[in-house]
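A short write-up of the structure that comes next.
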Amino acid sequence: MTISISIPVNIEIRSQVERDVAMSLVQKLSGAPEDTAEEFRLLMLIEAIEVWDAKREQEQAASRSSDALLLVWMPMVVRQDWLYLRTGYRG
């Protein structure tokens, strides 16, 4: 049996809950016979989960790197230096 789909089907996971549901469906569909609708659905779900995981990993890496940059580039200014920078007064 060959499946032909004329319109591309996209599955997009938008939340952790949807990812969890997709994982449970993958477990139920694992071992689906070749060239069946179940196998096609299984492959689409696996791809959607991989995309979701990659996006989350990129977001977490970006968050970690921006936090690190903030700590590295944040200058230490004591009150007297700040006052001098604003007014020129060395108190």
Neighbour count above 12 (heavy atom, 6.0 Å) for Glu59 CD:
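Yes, the 6.0 Å shell around CD holds more than 12 heavy atoms from other groups.
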Flag if over 12 foreign heavy atoms under 6.0 Å of CZ, Arg19:
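Counting neighbours around CZ of Arg19, more than 12 heavy atoms of other residues, nucleotides or ligands fall under 6.0 Å, so yes.
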Side-chain heavy atoms of Val51 within contact of Ile13, under 4.5 Å:
no
Roughly how far, to the nearest 0.5 Å, is the [atom2] atom of [Y] from the [atom1] atom of [X]?
{"X": "Glu38", "Y": "Lys28", "atom1": "CD", "atom2": "NZ", "value": "13.5 Å"}
{"X": "Leu25", "Y": "Gln27", "atom1": "CG", "atom2": "CD", "value": "9.5 Å"}
{"X": "Arg56", "Y": "Gln60", "atom1": "CZ", "atom2": "CD", "value": "8.5 Å"}
{"X": "Trp52", "Y": "Glu12", "atom1": "CH2", "atom2": "CD", "value": "9.5 Å"}
{"X": "Ser30", "Y": "Ile46", "atom1": "OG", "atom2": "CD1", "value": "8.5 Å"}

Is it the case that the side chain of Glu47 and the backbone of Leu43 share a donor-acceptor pair, with hydrogens and angles ignored and the cut-off at 3.5 Å?
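Pair absent, no side-chain N/O of Glu47 close to backbone of Leu43.
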N/O donor-acceptor pair under 3.5 Å between Glu39 side chain and Asp35 backbone:
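Looks like yes, one N/O pair under 3.5 Å.
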Compare every heavy atom of Leu45 with every heavy atom of Leu29, then report the nearest pair and how far apart it is.
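In this case the closest contact between Leu29 and Leu45 is CD1-CD1, 3.9 Å.
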